[in-house]
Protein chains: 4
Amino acid sequence: MIIIYQIFYSLDREKQERIINAALKEFAQNGYEKASTNVIIKEAEIAKGSLFKYFNSKKELYLFLFDYVNGVINKIYDEIDWNETDLFERMKQIGLIKLRIYKQYPKAFDFLKSVPNENSPEVKSKIDAIKKELIENGLGMGYKNINLSKFRDDMDTKKIMNIITWTIMSFSEQQIKKVSSFENVDIELFYEWDEYFDILKRCFYKKEEQ
Amino acid sequence: MIIIYQIFYSLDREKQERIINAALKEFAQNGYEKASTNVIIKEAEIAKGSLFKYFNSKKELYLFLFDYVNGVINKIYDEIDWNETDLFERMKQIGLIKLRIYKQYPKAFDFLKSVPNENSPEVKSKIDAIKKELIENGLGMGYKNINLSKFRDDMDTKKIMNIITWTIMSFSEQQIKKVSSFENVDIELFYEWDEYFDILKRCFYKKEEQ
Amino acid sequence: MIIIYQIFYSLDREKQERIINAALKEFAQNGYEKASTNVIIKEAEIAKGSLFKYFNSKKELYLFLFDYVNGVINKIYDEIDWNETDLFERMKQIGLIKLRIYKQYPKAFDFLKSVPNENSPEVKSKIDAIKKELIENGLGMGYKNINLSKFRDDMDTKKIMNIITWTIMSFSEQQIKKVSSFENVDIELFYEWDEYFDILKRCFYKKEEQ
Amino acid sequence: MIIIYQIFYSLDREKQERIINAALKEFAQNGYEKASTNVIIKEAEIAKGSLFKYFNSKKELYLFLFDYVNGVINKIYDEIDWNETDLFERMKQIGLIKLRIYKQYPKAFDFLKSVPNENSPEVKSKIDAIKKELIENGLGMGYKNINLSKFRDDMDTKKIMNIITWTIMSFSEQQIKKVSSFENVDIELFYEWDEYFDILKRCFYKKEEQ
DNA sequence: TATGAATGAGGATTCATTCAT
DNA sequence: CATGAATGAATCCTCATTCAT
């Protein structure tokens, strides 16, 4: 069932953004349950009834935001150069694209960061379903068209890929925790990546490939 | 500020356990916000007022439980054989000890598992602070007295350790998600670990050490 | 205070009917309080603002409908043969006329049936007042030009008339409750009436009149 | 399913009465839907939460009141002298008993009067079910042990009884409408009854019985 | 005159915390 | 110290009415 929030989309863009940002912020800070629609309407400077005219319920508002940030995320994949077959070049690329989009939609990423923490049964089943799909389409896509023949033959490639993925994700997470909000993320972060990439290449690429 | 819950500790041990277990269960199942003090007092068979006499507020109760499970976790470090200097043997040991303690305090671990999902601003700042300390003291301690000379000299040892740590933690997390509750965790899980350890050793130990 | 809904009456007849029927249906089904102006405007295919332009408020719309159905009811009196002076023949006539008009304006009668159930203080006082007037003018009119000399002299004629009226009304009410909607009312209902009329005649008419 | 409102019943009688009377009044005046729990708690001088502690929901409160007034009504049948077999003596008796109870529980009767007007689907099914039972047990009981042989043989006794019942009920209703509230009902009302009873007896009893 | 988005008071209900017994 | 009823602020949501276009 796809719901199109036509009344909402017919608002002028500035008002839409005010509402989206107010809601992203409130949900990111407090989680679904504790987030207050009162706070959202106050910050967005709209009337109580309006929010429910646009989105019917708190739950639908949350799911709408979830779709919204997915839309933002998907912009990453639109910008990837799929001709680059080297895993680490690809990852570097993705990192840079992400950074650019971070800066454009900082609240969306703060919201996204809070989604996996969501406990409320009202929305959990929905976001779990969508998350699963995202991971399959999305994360999988990050590896599309990668030249796997560069990897050592004497180790299980699946496990190597896992170690690389975990390293990249854990390092990213560590960096992200250092900044309170995505608004401040900086390109400096990427220098250290290269050093990790260098280690991983030396370990997992075939000798002659290095 | 350290608060000692004098009145609570003066209760007979069986009542203390009833309260702790009821609270651990309720918070683990529903998260801080949605957890109901009514359910807790009903399960623990105590009066409403008593709970607040013992712990002052829902928030303090939560933080008390957090300290309690930390106490449980620290038992791990009491049992480690610090004479074992090989990193991977040490890790294997820790895993086995954890498993034993899991089985003894399943509710504590279910609670601990739920903590990182906590979104509520009321407790988030507190648990983030304590978590940070835990990681520094705790995880750091896991590495105490490890023979670092086994590692390759041509790579930054700090970064190697990070890659190893992230791999172990990510793999553990992946395994944990497969089990619904710690009550059923089994030793079989550990076989796959060895395969990862083998890869990591071949990459990061000096050639002659293998 | 008499309000004439000028703007409404200047609409083309088909639109007027659409609005009246939509409103009659919604009020009859749900009562004043629960009736939704949204449902009415949707069914009548007019704009929200228009309804309030025509009738100012939900309350006035309701009272307008009340007047409208009174108009329908009054058609009954236009069709009565006032030369028929026998009470029971007159009543039979009224019943048959009612039935014909029922079938012509089913929604009006469904609405009318729902009016006595109305509890809302917003409209109750008004309809009570109008109802009283209706009973006095209307029901009274039903008795106009009746030959009262047929009734026994040894009993208070006023009381006899009351007993007859109450019997007719109570019996009617009982019959009405058996039908879900006036659309299905049938002539069969009238057979039992004759049996009651027969009893009443034998009791209250002078002996030689029978 | 029978629910016993033990917390409510453990309150002191004066508070119970304050709550019951406030709720009876609000529901009688406004009907189920429009009645405001806010008004009730204000009039009863209790806290918002308390009302819901006692009765769980507005719906349960309404149904509780319904049972309460049924209890009041049933007192009528406890006081009837079932050895009196004359229909009209019996009716006179019931009328007098009702009057006494009216004066004791005026609000209960105002509430009862409003029940048949109730449209809200939330409570309608429930009250319809109970009403049916009441009519069967209750109204039927009014006629228990009546000596039917006094009635004329040449007319259908069922129809005679209906005419008598309708007359009594309609007359009562007429009288009731004259008083704004049951608090003012007076014994004078009953004199006119005798005159109606006299007419009905002369019509419907066998000649020699008169 | 027609439109339909905007408004906000008011609705029922919850629940951590208090406090008299 | 134990009890559990009392409290009321805060929750999400509705809907008749208004008003700018």
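By convention in this document, chain letters (A, B, ...) are assigned in the order of the sequence lines, proteins followed by strands, and residues within each chain are numbered from 1.
- In this structure, Glu45(C) places its CD atom 16 Å from C1' of dG4(E), rounding to the nearest Å.
- No side-chain heavy atom of Leu63(B) sits less than 4.5 Å from a side-chain heavy atom of Phe55(B).
- Lys15(A) comes within contact range of the sugar-phosphate backbone alone, with a heavy-atom separation under 4.0 Å but no base atom that close.
- Judged by the 6.0 Å distance and 45° axis criteria, Lys126(A) is not positioned over the aromatic ring of Phe66(A).
- Distance Gln16(A) CD to dA5(E) P: 14 Å, rounded to the nearest Å.
- Using a 4.0 Å heavy-atom distance criterion, Phe55(B) is classed as making no nucleic acid contact.
- For the side chain to side chain donor-acceptor pair (under 3.5 Å) with Ser120(B), the qualifying choice from Lys59(B), Lys34(B), Glu33(B) is Glu33(B), the only one to do so.
- With no hydrogens or angles considered, a side-chain donor-acceptor pair links Asn30(D) and Glu26(D) at under 3.5 Å.
- The distance from atom CG of Leu61(C) to atom P of dC15(F) is 16 Å, rounded to the nearest whole Å.
- Residues Tyr105(D) and Phe111(D) keep their aromatic ring centres 6.0 Å or farther apart.
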Can you check nucleotides 15-18 of chain E for protein contacts, nitrogen or oxygen pairs under 3.5 Å, and list what you find?
residue : atom : partner  : partner atom : Å
dA16(E) : OP1  : Ala35(B) : O            : 3.3
dA16(E) : OP1  : Lys58(B) : NZ           : 3.3
dA16(E) : OP2  : Thr37(B) : N            : 3.3
dA16(E) : OP2  : Thr37(B) : OG1          : 2.5
dT17(E) : OP2  : Lys58(B) : N            : 2.7
dT17(E) : O4   : Lys48(B) : NZ           : 3.2

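- Residue contacts for Leu51(A): at a heavy-atom cut-off of 4.0 Å it reaches no nucleic acid atom on any strand shown.
- A 4.5 Å side-chain heavy-atom check between Ile46(A) and Arg18(A) finds at least one atom pair inside the cut-off.
- Using a 3.5 Å distance cut-off with no hydrogens or angles, the side chains of Asn21(C) and Glu17(C) do not pair a donor with an acceptor.
- In the helix from dA2(E)-dT21(F) to dT21(E)-dA2(F), the terminal helix axes, each the rotation mapping four pairs' C1' atoms onto the next four within five end pairs, subtend 10°, rounded to 10°.
- One atom, CG of Leu11(B), and another, P of dT3(F), lie 11 Å apart when rounded to the nearest Å.
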Let's go through Tyr54(C) and Tyr9(C) carefully: what are the C-alpha distance in whole Å and the side-chain angles of both, what is the deciding distance for ring-ring contact (aromatic ring centres under 6.0 Å, His included) to 0.1 Å, and is it a yes or a no? CA-CA 9 Å; Tyr54(C) 304 150; Tyr9(C) 284 121; over 10 Å; no

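- Spacing between atom CD of Glu60(D) and atom P of dT14(E) amounts to 11 Å, rounded to whole angstrom units.
- Distance CD1 (Ile41(D)) to C1' (dT13(E)): 12 Å, rounded to an integer number of Å.
- Side-chain contact check for Ile19(A) versus Leu11(A): some heavy-atom pair is nearer than 4.5 Å.
- Across the protein-nucleic acid pair, Ile40(D) atom CD1 and dG8(F) atom P stand 18 Å apart, rounded to whole Å.
- Counting any heavy atom pair closer than 4.0 Å across all strands shown, Tyr54(D) reaches sugar-phosphate atoms only and no base atom.
- Protein atom NZ of Lys42(D) is 13 Å distant from nucleotide atom P of dG8(F), rounded to whole Å.
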